[in-house]
Amino acid sequence: MGGARTALFNWLFARRYEGQFLLRVEDTDKARGTEESTRAIFEGMRWLGLDWDEEVVHQGDNVARHRADAERMLANGHAYRCFCTAAELDERRKAAEAGGGAFKYDRRCDRLDPTEVQQRLAVGAPSVVRFRVPEGTTGWTDLVHGEISFPNKDIEDFVVLRTDATPIYNLAVVSDDIAMRITVVMRGDDHISNTPKQVMLYRALGAELPQFAHLPMILGADGKKLSKRHGATAVADWQHEGILPQAMVNFLALLGWSPGGDFAEVMTLDELIAKFNADGLLKKASIFDVKKLEWMNGQHLARMPIERLEPLVTAILLQEGLATVPELAALDDRYRRALEILRTRVRSVTDLAMQVPTYLRVSYDESAVTKAWSTVADAIHVVDLAHETVSAASWDPQAIEHSLRAVAEAQGLAVGRVLGPIRMALTGSVSSPSISEVMQILGRDESLSRLGQAKSFLAGRRA
RNA sequence: GGCGGUAUCGUCUAGGGGACUAGGACGCGGCCCUCUCAAGGCUGUAACACGGGUUCGAAUCCCGUUACCGCUACCA
């Protein structure tokens, strides 16, 4: 989710200011990224509607340039060869920490005589390339945080090229950003401490600095960084929960960004693009509030064009085996009418789909039966009454409902005592849209048939 | 440990020295509407982390403390 939010902000920023949004897979560390996870990222972005300009760049394809950049720094004095092995460094680190101090590389290889370096290289001694951190302080103006600076003395000479000549993240990123002519870098604020190193690399490589914007993290309900433990953490998980992409985008956009002042929280993508600005970027980490996401989803569910909602519901219905194509076709325009009256009653597309089968067939849930038809004799009486009314009258659900109410009043019964049992007969449930709406969608024949079915069921109960 | 970042209702936030008895949204409670369930309307609950300054005046500026997070790798 954090990655999705970061991508969204980059995308919104690019779209708002008519820039370009570029996607790069940072796979420097072969052990990390798998093909599957990058595919999940692409799919998640597509689902959210975040399209990118230009072809995806794979960092791994640019290793030659990363090396060349390291060589350049070696040549212009911004970097040097270091022959200390990882094991040696480890030992020194441990020793320093045991003494209560912090370890910092002592630059001993920087003091090596040039001929000594040549000799070692000649005999094939393994080495890494280290960046020579200059004196002074390094800072930048962050779009989110304003001025940030670090004393260089707190930064050790860091490795930029490994023993196997593969680049370290910080070098690869800077090298690629320069090559791709990146002007704005928006990323998680866990990168703030990396930034001074990158700033130094830009300078050593003779490149202009991009603008940096460090976005706050997204946390789980417990205030800890979002992880698998928090349940649905991947974009696809929410898709399967029945969350709409536009709701997700809307929700995510408001996590760490605010248009400021009084504003309506439910916004379309276009509205978000129009309002998005760097000023509204917030500094504080925020907690992923599932309840609010669900509310937001309900809002979008109720507002989106019905013709876009329908196919989403159909897909779930078919996939879950809750309905068949002929069944839905038989419903005809009553399908959309059903969706129309149901959409304000649910908060997810899946919940909406679950409601549809009621208009295809009835089934009685035992607990609903005991609740709605608690007294069998009364239930029979009411259902029978309804059956008579429906069959006698001309088909006008509204009028029928009115006459049922009239009957209830005449007999001194609360309206609910009459419509409740009928609702059960019609929908097999204790809750539904209004009786006349339900009858409208079911139609006269189906309504009659369900009333009849309820009569015989209740007769069986009495016996 | 060092360095860096953050700190307003439970949550997301408005606020950028007086307009703040701190506003909105989600959630939660109540009321209205109502055949049920929702939706909708009205309403209640609830916060400036703490301590010092600066100032006539501080949620807003400065300093410190605390808490949380990040970096401190031949991870990204």
Side-chain angles (χ1 to χ4, degrees), chain A residues 26-29 31-33 59 82 84-86 89-90 93 96-97 100-104 126-130 142 144-145 148-151 153-156 158-170 172-173 187-197 214 216-217 219 221 223-225 251 254-266 280 282-296 298-299 302 341-347 355 371-372 401 404-405 408 414-424 427 429-436 438:
Chain A
E26 304 194 329
D27 49 2
T28 310
D29 185 19
R32 208 182 260 218
Q59 196 152 61
C82 173
C84 300
T85 66
L89 256 16
D90 253 17
R93 197 184 316 275
E97 277 161 13
F103 176 78
K104 191 182 157 201
S127 69
V128 298
V129 175
R130 273 185 196 275
D142 198 274
V144 178
H145 296 271
I148 301 181
S149 70
F150 291 74
K153 65 173 173 54
D154 293 324
I155 301 169
E156 73 171 359
F158 53 96
V159 174
V160 289
L161 213 58
R162 298 187 182 93
T163 305
D164 66 358
T166 56
I168 285 295
Y169 170 77
N170 283 314
V173 164
R187 69 217 321 188
D189 65 13
D190 48 340
H191 283 288
I192 286 179
S193 305
N194 274 321
T195 308
K197 296 178 191 172
H214 287 95
M217 301 272 98
L219 278 15
K224 301 274 183 219
K225 198 172 166 177
F251 172 74
L254 261 12
L255 232 45
W257 173 74
S258 163
D262 269 345
F263 64 97
E265 297 195 22
V266 182
L282 273 3
K283 299 175 182 174
K284 203 186 75 165
S286 47
I287 289 173
F288 192 95
D289 184 355
V290 178
K291 278 279 201 304
K292 185 140 187 182
L293 204 214
E294 287 167 350
W295 167 79
M296 186 69 84
Q299 293 295 314
I341 61 168
L342 290 168
R343 71 203 295 203
T344 56
R345 287 160 220 272
V346 293
R347 291 199 155 185
Q355 297 296 318
K371 238 184 269 176
E401 186 194 308
L404 287 172
R405 282 166 184 273
V415 186
R417 295 282 301 273
V418 174
L419 296 183
I422 295 173
R423 163 169 292 107
M424 179 63 204
T427 69
S429 166
V430 291
S431 68
S432 81
S434 73
I435 293 303
S436 68
V438 170

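Letters go in sequence order (proteins before strands), and every chain restarts at 1. Keep in mind that the numbers below use all heavy atoms, side chains included, and drop hydrogens, waters and symmetry copies.
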Roughly, in whole Å, what's the span from CD in E401(A) to P in rU34(B)? 12 Å
Check whether any side-chain N or O of Q59(A) sits under 4.0 Å from OP1 or OP2 of rC75(B), and answer yes or no. no
Using the C1' atom as the point on both nucleotides, what is the distance between rG70(B) and rC31(B), in whole Å? 48 Å
So is the aromatic ring of H191(A) stacked onto the base of rG70(B), judging by whether the centres are under 5.5 Å apart and the planes are under 30° apart? no
Between D190(A) (CG) and rG5(B) (P), how many Å, whole number? 15 Å
Taking only residues two or more places apart in sequence or in another chain, which ones pass side chain to side chain contact (heavy atoms under 4.5 Å, CB included) with K371(A)? V430(A)
Quick one: N170(A) CG to rC71(B) P, roughly how many Å, whole number? 12 Å
Can you tell which of rU13(B), rC12(B), rU6(B) lies closest to the side chain of K283(A)? rU6(B)
Taking OP1 and OP2 of rU36(B), is either one under 4.0 Å from a side-chain nitrogen or oxygen of S432(A)? no
Begin from the C-alpha positions of S258(A) and L282(A) and carry the test side chain to side chain contact (heavy atoms under 4.5 Å, CB included) through to its verdict. CA-CA 7 Å; S258(A) 163; L282(A) 273 3; 4.1 Å; yes
Whole angstroms only, please: what is the CG-P distance between N194(A) and rC71(B)? 8 Å
May I ask you to verify if any side-chain N or O of K284(A) is less than 4.0 angstrom from the OP1 or OP2 atom of rC12(B)? yes
Tell me: CG of D289(A) to C1' of rC12(B), nearest whole Å? 7 Å
Spacing between M296(A) atom CE and rC26(B) atom P, to the nearest angstrom: 10 Å
Is there a donor on the side chain of T163(A) or the base of rC74(B) sitting less than 3.5 Å from an acceptor on the other? yes
Presence of R347(A) side-chain N/O under 4.0 Å of rA39(B) phosphate oxygens OP1/OP2: yes
Ionic contact status for R93(A) with E97(A), cut-off 4.0 Å: no
Has K104(A) got more than 12 heavy atoms of other residues, nucleotides or ligands less than 6.0 Å from its NZ? yes
Any strand is fair game: report the nucleotide pairing with rU6(B) by Watson-Crick or G-U wobble, both distances under 3.5 Å, or none. rA67(B)
Below 3.5 Å, does any donor atom in the side chain of S193(A) face an acceptor in the base of rC3(B), or the other way round? no
Between P of rG5(B) and CZ of R187(A), the distance in whole Å: 16 Å
Quote, to the nearest angstrom, the P distance that separates rA14(B) from rC9(B). 13 Å
Polar atoms only, N or O, under 3.5 Å: list the protein pairs with nucleotides 16-24 of chain B and their distances.
residue, atom, partner, partner atom, Å
rG24(B), N2, E265(A), OE2, 3.4

d(CZ, R93(A); C1', rG2(B)) in whole Å: 14 Å
For rU34(B), take OP1 and OP2 only and decide whether either is under 4.0 Å from a side-chain N or O of R405(A). no
